[in-house]
Amino acid sequence: MQARFMQLLLNPNAIYVVVSEILDQGRNFGRAAPNSGPRVQVEFVSANPTGPLHVGHGRGAAYGATVADLLEAAGYEIEREYYVNDAGRQMNILAASVWLRYLEELGAELTFPSNGYQGHYIRDIAHRLVVDHQNRFEHPVTAVFADLPADEPQGGDKDQYIDAVIERAQQLLGDDYEFVFSAGLDSILGDIREDLSEFGVDYQVWFSERSLTRSGDVDTALNILESKGHLYEQDGNIWFRSTAFGDDKDRVVKRANGQTTYFASDIAYHMNKFDRGFDQVINIWGADHHGYITRVKAAISALGYDPERLIVKLVQFAILYRGEERVQMSTRSGSFVTLRELRDEVGKDACRFFYVTRKSEQHMDFDLELAKSESKDNPIYYIQYAHARVCSVLRKLEAEGLRWDQASGIASLALLDSEAEKDIITKLSRYPEVLTSAALNHEPHQLANYLKELASDYHTWYNGHKMLIDEVDLRNARLTLSVAVRQVIANGLELLGASAPEQM
RNA sequence: GCGCUCGUAGCUCAACCGGAUAGAGCAACGGCCUUCUAAGCCGUAGGUUGCAGGUUCGAGUCCUGCCGGGCGCGCCA
């Protein structure tokens with residue numbers, strides 16, 4: 001930085017140096033040396049594996065993946081992790097739902113619990129169970145529903161009812177209950193994994209909540225809190241005195257029936273994270289979880305770790321629009337738009353780009369029509385088109401039997417001395433700092449906006465200057481700058497999870 | 001009710017941990033195709049940064065109050 005600054009003072013041609021740096025370094029231009037920075041874990045999405053991901057998860061996925069990729073490009077050693085909430089009541093409801101649909105597949109006639117999972121994907125899982133295991137899990141309907149309390153439509157309590165169904169399933173299935181449970185979990189988790197992978201989001205670690213109980217981490221964490229005097233008993237429950245660390249109220253970690261709470265798992269999970277030696281732990285949560293930040297940080301402090309090392313980024317939900325019309329979504333009624341449907345309709349590149357083009361904590365409107373449109377109105381197409389345009393010119397060049405001479409182009413860069421050209425070159429030289437700033441501030445939109453500007457500058461310049469001209473030196477200079485722009489756009493698009501097409 | 005968060009052009013958003021006349025893109029209006037992709041380019045117009053105070057040499061940015069939107073306030077996960 002210092003050196004280049006000196007060069008700028010001493011030599012007006014120094015601004016051109018960046019062009020050859022870009023061409024020399026290619027994909028690595030703007031990147032720091034790999035693993036030269038802190039070791040950081042980024043945990044994101046972590047949606048309950050009770051159904052497919054929807055568009056709300058999509059924003060967290062795109063944001064988390066991009067922040068992780070940006071930090072990695074900035075030299076951080078990154079571990080991407082998905083926390084699998086595979087313990088708890090919701091998962092049992094899933095297992096019971098699968099089982100009942102399985103019985104229906106075998107011909108049983110029954111009334112599905114009002115609190116069960118209604119989605120069609122449950123039937124698909126049940127169907128596979130029948131195909132693979134025939135009637136192995138079958139029990140007479142009379143035995144299944146004998147002496148159960150009333151469901152809500154019959155004037156009962158839907159929660160009590162579904163709990164009774166779960167208990168009955170466990171009684172009748174015995175060891176096979178775990179099998180049905182796993183069939184549901186594995187199927188949905190597999191679907192989520194595939195969905196994310198197709199979205200360009202891949203994890204190093206899938207961390208199971210149940211493993212925390214099995215490994216004894218939950219007990220260990222509670223024992224540590226106990227030994228430090230942060231727990232107390234009241235009404236038969238064990239409470240964590242989180243108010244001592246700024247929380248509004250104390251929190252139960254173990255119920256009177258001996259069951260630990262989800263929060264206890266969370267305490268153990270964060271202890272586990274810190275014990276793995278990360279310099280920094282980044283949690284990306286939906287905005288509806290903001291109330292948990294205080295208590296989790298309280299637990300981290302109580303365990304003796306520095307809560308400053310935990311960074312929680314909240315992501316607001318996106319509201320889908322189809323043109324003017326708002327797309328209604330309701331998870332309960334099952335009328336939600338899945339991430340897969342969104343990808344199918346809009347395409348991965350536009351999805352990834354649109355999601356991160358706004359600050360994460362900002363509410364955003366996601367316009368499906370705009371994301372799909374193939375015009376300059378659509379920023380992702382606009383940027384990709386700048387890239388394709390350069391490729392197109394090079395193809396045309398070749399078709400005319402000409403060659404791009406890079407060395408000649410570099411040597412002739414000083415011919416590009418208009419303000420527009422210098423602006424483009426200056427903008428190119430800013431790329432590394434934009435990348436670093438976007439990474440360290442966890443603000444991918446900085447890079448997205450930069451790419452829009454660069455593409456705009458390039459389109460403007462391109463429109464006013466013909467590339468394929470007879471003057472060889474000037475032609476090579478223009479092509480060289482074009483290729484440098486193409487490289488930086490490709491680098492930026494890669495970090496945003498979008499492709500850089502050679503033709504459109 | 002309490003807490004968190006957001007409020008910037010008609011619309012969607014920027015503004016580099018307070019710094020100079022608050023910037024883009026859509027939409028609107030006016031131009032540019034015998035020429036490498038018009039999937040593009042140029043120009044014009046558009047703002048009392050929700051409101052009212054305060055701190056500061058300086059506030060979209062920090063503080064207080066109010067108004068409005070979103071979210072949260074389980075021995076659910």
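Heavy-atom basis, side chains included; hydrogens, waters and symmetry copies ignored. In this text, all values refer to a predicted model and were calculated from it rather than measured experimentally. Residue numbers start from 1 in every chain, and the chains themselves are labelled A, B, ... in the order their sequence lines are given, proteins ahead of strands.
Asn237(A) comes within 4.0 angstrom of a nucleotide base, judged by non-hydrogen atoms across all strands. In this structure, Lys466(A) reaches the bases: a heavy-atom distance under 4.0 Å links it to at least one base atom across the strands shown. At the heavy-atom level, Tyr462(A) lies under 4.0 Å from base atoms of the strands shown. Glu209(A) comes within contact range of the sugar-phosphate backbone alone, with a heavy-atom separation under 4.0 Å but no base atom that close. Across all strands shown, Thr460(A) has heavy atoms under 4.0 Å from sugar-phosphate atoms exclusively, and none from any base.
The separation between Leu314(A) atom CG and rU5(B) atom P is 9 Å, rounded to whole Å. Computed from coordinates, the Asp247(A) CG to rG74(B) P distance equals 11 Å when rounded to whole Å. Distance CG (Asp163(A)) to C1' (rC75(B)): 13 Å, rounded to an integer number of Å. Rounded to a whole Å, the OH atom of Tyr117(A) is 10 Å from the C1' atom of rC76(B). rC36(B) atom P lies 16 Å from atom NE2 of His459(A), rounded to whole Å. The interatomic distance linking His465(A) (NE2) with rU35(B) (C1') rounds to 15 Å, in whole Å. Going from atom CD1 of Ile469(A) over to atom C1' of rC36(B) covers 12 Å, rounded to whole Å. Counting to the nearest Å, the P atom of rG74(B) and the CZ atom of Arg89(A) are 16 Å from each other.
In the region residues 496-504 of chain A, proximity to RNA chain B at under 4.0 angstrom, judged on heavy atoms, holds for Gln503(A), Met504(A).
rU55(B) and rC63(B) have their C1' atoms separated by 7 Å, with the value rounded to a whole Å. When the P atom is compared between rC42(B) and rC26(B), the two are found 10 Å apart, to the nearest whole Å. For rU12(B) and rA59(B), the C1' atoms lie 25 Å apart once the distance is rounded to whole Å. Here, rG50(B) and rU44(B) have their C1' atoms 29 Å apart, quoted to the whole Å. When the C1' atom is compared between rG25(B) and rU8(B), the two are found 15 Å apart, to the nearest whole Å. Between the C1' atoms of rG47(B) and rA22(B), the separation comes to 8 Å (whole Å). Taking atom P in both rC73(B) and rA14(B), the straight-line distance is 27 Å, to the nearest Å. The separation of rG60(B) from rA39(B), taken at their P atoms, amounts to 41 Å, rounded to a whole angstrom.
Comparing Ser392(A) and Ala455(A) by the nucleotide of RNA chain B whose heavy atom lies nearest to each, the residue mapping closer to the 5' end is Ser392(A).
Contact annotation: the side chain of Ile166(A) approaches that of Ile93(A) to within less than 4.5 Å [non-hydrogen atoms, C-beta and beyond].
Residues passing the side-chain hydrogen bond (donor to acceptor under 3.5 Å, both in side chains) test with His270(A) are Asn283(A), sequence neighbours excluded. Looking at residues two or more places apart in sequence or on another chain, you find no salt bridge (charged side-chain N to carboxylate O under 4.0 Å, His left out) involving Asp349(A). The ring pair (Phe, Tyr, Trp, His ring centres under 6.0 Å) test applied to His57(A) returns His54(A), not counting sequence neighbours.
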Every protein N/O lying under 3.5 Å from an N/O of nucleotides 71-73 of chain B:
{"unit_1": "rC71(B)", "atom_1": "O2", "unit_2": "His290(A)", "atom_2": "NE2", "d": "2.8"}

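Phosphate contact (OP1/OP2 of rC41(B), side-chain N/O of Arg389(A), threshold under 4.0 Å): absent. For Tyr450(A), no side-chain nitrogen or oxygen approaches OP1 or OP2 of rG23(B) to under 4.0 Å.
A side-chain hydrogen bond (donor to acceptor under 3.5 Å, both in side chains) check over residues 91-100 of chain A, counting only residues at least two apart or in different chains, returns the pairs Asn92(A)-Tyr177(A). Applying the salt bridge (charged side-chain N to carboxylate O under 4.0 Å, His left out) definition to pairs two or more places apart or across chains, those involving residues 232-248 of chain A are Asp247(A)-Arg251(A). A salt bridge (charged side-chain N to carboxylate O under 4.0 Å, His left out) check over residues 43-62 of chain A, counting only residues at least two apart or in different chains, returns the pairs Glu43(A)-Lys273(A). Residues in residues 389-402 of chain A take part in these side-chain hydrogen bond (donor to acceptor under 3.5 Å, both in side chains) pairs, two or more places apart or across chains: Tyr385(A)-Arg389(A), Arg389(A)-His459(A). Screening residues 438-465 of chain A for salt bridge (charged side-chain N to carboxylate O under 4.0 Å, His left out) gives Lys427(A)-Glu453(A), Lys427(A)-Asp457(A) as the qualifying pairs, with residues at least two apart or on separate chains.
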Pair Asn441(A), Ser437(A) - check side-chain hydrogen bond (donor to acceptor under 3.5 Å, both in side chains), show working. CA-CA 6 Å; Asn441(A) 293 306; Ser437(A) 174; 3.2 Å; yes
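With hydrogens and angles disregarded, a donor-acceptor distance shorter than 3.5 Å links the side chain of Ser208(A) to the backbone of Ser211(A). The closest donor-acceptor contact from the side chain of Asp250(A) to the backbone of Ser242(A) lies under 3.5 Å. Side-chain N or O atoms of Asn237(A) include none that pairs as donor or acceptor with a backbone N or O of Arg255(A) at under 3.5 Å.
Nucleotide rC73(B) carries an anti base; the chi torsion (O4'-C1'-N9-C4 or O4'-C1'-N1-C2) is more than 90° from 0.
Partner of Phe44(A) under the ring-ring contact (aromatic ring centres under 6.0 Å, His included) criterion, out of Tyr203(A), Tyr63(A), Tyr82(A): Tyr203(A) alone. Across Trp206(A), Tyr269(A), Trp285(A), a single residue satisfies ring-ring contact (aromatic ring centres under 6.0 Å, His included) together with Tyr83(A), and that is Tyr269(A). Of the candidates Arg295(A), Lys297(A), His230(A), His230(A) is the only one forming a side chain to side chain contact (heavy atoms under 4.5 Å, CB included) with Phe245(A).
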Heavy-atom contacts, protein to nucleotides 10-16 of chain B, under 4.0 Å, summarised as B (base), S (sugar-phosphate only) or - (none) per nt, yield --SSSS-
A correct dot-bracket answer for RNA chain B, with pairs being Watson-Crick or G-U at under 3.5 Å, [ ] for crossing pairs and | for inter-strand pairs, is (((((((..((((.....[...)))).(((((.......))))).....(((((..]....))))))))))))....
